[in-house]
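Just so we're on the same page: letters track the sequence lines, and every chain starts at 1.
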Amino acid sequence: METSLIQISNLTKHFQMGGTTVRALDGVDLDIPQQSFTVVMGPSGSGKSTLLYLIGGLDRPTGGQISVNGERLDGMDENKLALFRRHAVGFIFQSFNLIQSMNAEENVGFPMQFSGIPPKERKRRSKELLEQVGLADRGRHKPGELSGGQQQRVAAARALVNNPGLILADEPTGNLDSASGVGIMQLLSDLHHSGRAVLVVTHDARMVRFATHKVFLLDGKIVSEDQYHRASLE
Amino acid sequence: MKLLDIVRLILGNLNRRIGRVALTAVGVVIGTAAVVILVSLAIGLQKNANEQLYGIGDLTQIQVSPTYGGQVMMASGMGGGGGGGSSGSGVQQTALLTNPALDGLRAISGVVAVIPRDYLMSSLTLKFHRLESGSNVIGIGTDDLGQLGLEASQGVVSLARGTIVIGPMVAANFYDPNQRPGQATPAAPDLYDQNLTFVLIKYDQNGNEIRKTMTYKVVGVLAQTQGESDWSIYLRLDELKAMNEWAMGRRINYNKDGYSQVIVKVDSVDHVLDITNQITALGYQAYTPQSFVQGINNFYLILQIIFGGVGAIALLVAAIGIANTMAMAILERTREIGLMKAVGATNRDVLSIFLGEAAGIGFLGGLGGVLIGWLAGQGINVIALVYLAQQSASQGGTPPSVAVSTPVWLPIFALVFATLIGLISGLYPALRAATLVPVQALKYE
């Protein structure tokens with residue numbers, strides 16, 4: 001029997017927009033097993049990014065429960081959430097979020113500063129990870145000197161730096177050309193095969209072929225694949 | 001997060017926006033430089049004033065005079081009944097400086113010596129060969145003028161019967177009474193080891209002049225003090241008493257009449273004011289230059305605070321600049337703050353980084369300000385001292401040794417103050433950065 005990595009029950013997230021309440025997530029129940037490759041699909045505004053941020057501890061739910069690795073995130077104080085983000089998860093964003101003034105190596109090593117890892121060890125590990133994502137010769141390049149695909153690889157290396165068990169990727173191919181997008185998908189798949197759980201939020205249908213688990217979201221609710229496709233055709 | 005990593009990150013971030021950081025720091029530079037220069041100037045002025053004041057006399061001496069009883073005019077009107085004057089309402093009690101009273105003064109803790117002295121109460125002409133002069137003659141109740149802190153430039157400072165010790169300016173007062181117009185003024189004679197003739201003059205009831213002539217040997221010439229001793233002649237008190245008795249035609253009994261003045265020598269400048277108060281409480285009149293010096297020092301302390309305050313206003317303006325720069329930086333770097341939080345930075349880490357950047361601007365500005373302030377102070381010193389030296393050369397007196405004085409604590413204080421100003425200015429923006437919700441920061445456009 002597969003053990004659960006992420007357990008979500010009756011999760012809600014509401015936003016106030018002007019005078020109205022937007023239900024970004026509306027009673028989501030989800031169970032994601034260890035070492036799975038989960039693809040969360042849904043149209044814009046379906047609440048898929050909100051779900052990813054809540055799982056990553058970057059935002060707080062309005063109601064319901066989330067546990068990651070047995071740790072309850074709802075109700076955790078800010079400091080504990082920061083430590084959770086530092087050790088348990090690695091993020092990959094659509095817009096890469098690299099620091100423009102730092103070179104690739106420094107960007108990869110950036111999160112390790114907060115863990116108090118000495119500079120020599122940071123440098124060694126950054127080089128190793130850049131090599132792993134196929135950018136061994138680009139360590140000294142700044143983000144502006146790299147292609148979109150290369151920047152996303154640097155971001156992926158950064159996500160791995162604290163050796164987390166869960167990689168959360170928010171539209172990782174959204175800002176990339178087709179070929180680069182495939183490359184990133186392959187990289188995420190490799191990470192999955194190396195023993196990590198990967199959760200990707202995307203509306204790039206090509207990602208589905210790497211998935212071990214699929215989640216479909218419509219208007220803040222989980223729906224079946226059939227319902228999702230029917231809704232897409234309407 | 002390790003301190004060294006925070007510092008490295010802060011320096012990297014400041015370096016990223018070097019132009020803006022430099023412009024913001026200029027405000028701090030101006031403020032800090034103003035504090036350093038102005039406070040140094042106030043301290044320099046105080047030092048100068050003190051240097052001049054120390055010439056007034058030995059600060060460990062208190063001059064004590066007797067109080068002669070009687071009615072004293074009071075602003076509040078007539079004093080109450082004359083019942084022995086014990087109420088103090090406008091009536092002063094007599095307090096004479098008799099020998100037992102002197103023993104009372106000696107008993108005060110911290111008093112090293114109590115030396116009575118008196119002035120000559122008769123007309124006097126001094127004669128040395130064909131030259132004549134007048135002078136201030138002081139009879140002193142000790143054989144050793146060293147007790148008064150006086151030193152000899154020639155000979156000794158101890159007195160014996162028939163000997164005198166003179167101030168360095170005494171010789172310069174001698175003139176030739178028979179000098180004719182056009183004749184050269186005689187040079188000041190060297191009186192050391194010479195005999196001086198004292199001619200005392202008094203008049204009888206019929207207006208006839210009576211003269212008495214005595215001869216004293218000059219056994220010592222005092223070193224310059226810029227005080228009363230420079231132009232005074234010192235001799236033993238009993239010899240002066242004899243002169244005064246002759247001049248007044250009656251006997252003087254110090255045990256009954258008391259001395260006209262007593263010098264109380266105190267072990268340390270720090271005790272002078274306290275002992276002065278104790279002597280005043282005993283009913284005597286006590287005067288010390290120290291109370292004057294303290295008043296002057298208080299004045300300069302206030303001047304330092306005012307000058308420092310003017311500089312501080314400039315720093316305050318700079319603080320607003322820092323707050324503005326930091327607020328802008330946080331707006332620009334909102335996504336970066338989001339990223340920091342996403343990769344595991346705690347609120348405290350973010351707070352430390354942004355506070356450190358604000359303090360860093362304050363520190364860098366402070367460093368520049370201290371350097372410029374100190375250099376400007378040295379420049380002012382060179383220019384002002386040349387000017388002041390010319391002034392004192394034309395007006396007499398010793399030139400000041402310093403115009404602007406920067407004590408070691410001032411640059412350190414200014415640097416710490418500028419850093420603190422930076423830190424405080426950065427507090428609000430840094431708190432805002434630290435408490436940003438990560439997901440909102442990441443989505444910030």
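Scanning residues 52-63 of chain A against chain B with a 4.5 Å heavy-atom cutoff picks out A/Y53, A/L58, A/D59, ordered by number. Within residues 337-374 of chain B, the residues having any heavy atom closer than 4.5 Å to a heavy atom of chain A are B/L339, B/M340, B/K341, B/A342, B/V343, B/G344, B/A345, B/T346, B/N347, B/D349, B/I353, listed by residue number. Within residues 81-102 of chain A, the residues having any heavy atom under 4.5 Å from a heavy atom of chain B are, by residue number, A/A82, A/R85, A/R86, A/F91, A/F93, A/S95, A/N97, A/I99, A/S101, A/M102.
Residue contact with chain B, scored on non-hydrogen atoms closer than 4.5 Å, involves the backbone and the side chain of A/Q113 alike.
Atoms CD and NZ, on A/E71 and A/K80 in that order, are 9.0 Å from each other to the nearest 0.5 Å. With values rounded to the nearest 0.5 angstrom, A/K48 atom NZ is found 11.0 Å from A/L51 atom CG. In this structure, CG in A/L166 is found 12.0 Å from CD in A/Q35, a value given to the nearest 0.5 Å.
Salt bridge present: A/R122 and B/D5 bring a charged side-chain N and a carboxylate O closer than 4.0 Å. For the pair A/E121 and A/R124, the salt-bridge criterion is met [side-chain N within less than 4.0 Å of a carboxylate O]. The pair A/E131-A/K127 does not count as a salt bridge, with every side-chain nitrogen at least 4.0 angstrom from each carboxylate oxygen.
Among B/L9, B/I6, B/V437, the residue with the largest count of heavy-atom pairs under 4.5 Å with chain A is B/L9.
Side chains of A/S180 and A/Q152: a donor-acceptor N/O pair is absent below 3.5 angstrom, by distance only. There is a side-chain donor-acceptor pair under 3.5 Å between B/Q46 and B/Q304. Judged purely by distance below 3.5 Å, without hydrogens or angles, the side chains of A/S9 and A/D29 never pair a donor atom with an acceptor atom.
When atom types are taken as modelled, the side chain of A/E106 and the backbone of A/N103 share a donor-acceptor pair closer than 3.5 angstrom.
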Quiz: residues 404-421 of chain B side-chain donor-acceptor pairs under 3.5 angstrom, not counting sequence neighbours:
{"from": "B/S405", "atom 1": "OG", "to": "B/K47", "atom 2": "NZ", "distance (Å)": "3.4"}
{"from": "B/T406", "atom 1": "OG1", "to": "B/S40", "atom 2": "OG", "distance (Å)": "2.9"}
{"from": "B/T419", "atom 1": "OG1", "to": "B/L415", "atom 2": "O", "distance (Å)": "2.7"}

